[in-house]
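Reviewing the structure listed below.
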Amino acid sequence: MKLLSLYTIILLLSNIGFTQCPVLPTPLVYQDISGELILGKSISINSKGLPISARQFLLDKLSALYTIQFTESSDFAQLNFVSINQGASHEYSMNIDKEIVVTYNSSESAFYAVVTLIQLFSENNGDVVIKKCFIQDEPAFAWRGLHLDVSRHFYTVAEVKRFIDLMSLYKFNKFHWHLTDDQGWRIEIKKYPLLTEVGGYRDSTLIGHYNDKPWKFDVNRTGGFYTQEEIKEVVAFAKSRNVEVIPEIEMPGHSRAALAAYPEFSCTENQLGVPGYWGVFEDIYCSKAETVEFLQDVLAEVVELFPSQYIHIGGDEAPKNKWENCIKCQKVMKKNNLKDAHALQSYFIQSMDDFLSQKGKKLIGWDEILEGGLSTNAAVMSWRGEQGGIDAANMHHNVVMSPTNYCYFDYYQSGNSTEPLAIGGFLPLSKVYEFSPIPNELPLENHKYILGGQANVWTEYISNFKHVEYMVYPRAIGLSQNLWSETKPSYDEFLKVFRRYHEPFLERLNVNYSKSIYLPTITLTRILDGVKFNVKGIDEQQVYDVFTKEKGGLSMGGGHVMGWNDSLYFERPPDGKQQHIQVNISAPTLNQDVATTFCLHNGLGLHIELITPPHPKYNHNGSLTLVDGVKGKRPWKGDDWLGFNQNKVEIIVDLREEKSLKDITVGFLDAKGSWIYLPETIEIYAEKKPNEWELIRKTEIQEENQKIELSGKASRIKIITLPIVKIPSGEEGAGNIPWTFIDEIILNFAE
Ligand SMILES: [Zn+2]
């Protein structure tokens, strides 16, 4: 409830009393020295011995960001680099006071020192200045990775270089280049030119979300690929940024683009096109000797282009139906005494592992490659949660942690309706910041097998590079902190540093970073007669204009100015009445409104007993979610909704006193691509005596929000939903029990 003049106060506050370390990820040791060293318009450098690429990077970046000249000096200068070559660590230190002295003991640490310096520069009254401080620093984890999928959407060489350039400014050192998938093959292979000529292009691309039926397509031909010369150019550029490029050639699944070019390497040998939609496809590489030879030919060219120790071979999401029905695959199984198709996948991966070992390389793959055994050299990238990584480390394989719930940057960053369409899932910056590459359950002696962590940027819904930047920043900066050191400042401290120093830095770099952190955090809690709607901004200064109005009725409530921790209260209406209130929140720092519609119904805020527990991943705000007045959002964004992966879902609603029942509407989600189905039937019971239930309605579910007429009286009712038995064949997740997602049980009593 504040006045607009607050914004002036915010500006004043942000300029005083800042002693936090401006560098992200935060260095191991940071000691503030009061004030700034003023360099003006020029700086003398003594860079004897500094690796050429690190020196060039420093000069290029500073002259791009600031108006400054450089002069090389052989004597003591304003900026001095000293190589100390001690030990094997990648440590550096710097003292910035009357002049700048940087010491480092490897070419890697020289680069880290340069990145730290670049972050410490700023401009003050037209002069280039640098913050005075002492820093001593080295990384905790050897693998600090970002991945980019260039198959679902293609990005140019210049864009890929910019991706690498930006990540290097946050000390990432591994670029995982996802070069092949169903929707496009992006790397030139001389022996098999059709891989790019045919597999590099598709005739159409799905518009909207995979879950939206009927599907619509953009029928423009699209695609592209990198020549081997371009690949070398990117690898060399990355090296100059202290980044190693790890190529991924997917097998045996996610191979439709390759099979469109060479159908003879599939089981059926049928000619299929390059698909323009997403998902997991049943047609995969056949395990026959000809295909193994083809893939090894491909890998032979790949290993020549990439100096990295590891080569990623995918290994995830390979349905086995085709293998189980293929005479050639069955022969391979028989000949090698393999008991099932999973053992066959293991055998297939093993043959790639042997081949890469002969070439002096090591294999890395997604955690599915663990199923059926793995050679000791191979490493595992754990994506389906942390368990794969824990198992692999306990088996003494090297591991890169990349669990979906912390590291999938294709997930939504906020629940706001203005977020661009994404695959689903919910991963705000605050959640990324909680990530630790070392899983809690991993015994201490096996910590050494965790190389580090990585975020993955899958691009089904990311059609241009500006959008890539939006999805990656600032989340990558939060991740860099977890990969650089095992201790870190609190999230609030991190946010202050990010806002004070790194937003201006990203602005100077012209990065299209997401500003979703400025959206209000909305919390709903149960109160005796309804729900409390609490709004919290990013800090105590942030205020929002909040408007409420009744839908289809007279204006009510009107405008409020809400800020740090203010609340509105919504009460249950009298029996038989229902009200729809629209709440609109304008965030002044954004050009975005957050709109929420409340359905105030007779069940609002009632006590709910969840006999069937929701899956912990999809248990947003517990049982209140079902009666908080807010219907789950569509498309599904990973928040709202309670998700159940059980055979039946059983819920009790306590009506507090005996009520005459009129109708109930239970909201279900129908998102088949995410394995979420409408239940088949719903049963409603009324409690006759304590825990004695009488079935009062049973009906089939036909639609997402189905109104069910009720009669009689009850003070507690029970809802039971029964899903279809299995996901039908031919659909995503065929054979599994479907998920049931419920949000909002709208109750209506008789007047
Ligand atoms: Zn086969």
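Each ligand, and each atom within it, is numbered from 1 in the order the structure gives.
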*With distance as the sole test, does E368 use its side chain to make a donor-acceptor pair with the main-chain N or O of E317 at under 3.5 Å?*
yes
*asked:* Test your reading of the model: is there a side-chain donor-acceptor pair from E460 to the backbone of D410, 3.5 Å cut-off?
replied: no
*Evaluate side-chain contact (heavy atoms from CB on, under 4.5 Å) for Y192 paired with W185, printing each intermediate quantity in order.*
CA-CA 12 Å; Y192 298 98; W185 182 283; over 6 Å; no
*Test F306 against Y310 for ring-ring contact (aromatic ring centres under 6.0 Å, His included), laying out the working first.*
CA-CA 9 Å; F306 295 90; Y310 282 105; over 10 Å; no
*Can you name the closest pair of heavy atoms from Q454 and L479 and give their distance?*
C-CD2, 4.1 Å
*Do the charged groups of R162 and E159 touch, with an N to O distance under 4.0 Å?*
no
*For the Zn ion (ligand 1), every protein N/O/S atom that sits closer than 2.8 Å, waters excluded*: C267 SG, C286 SG, C326 SG, C329 SG
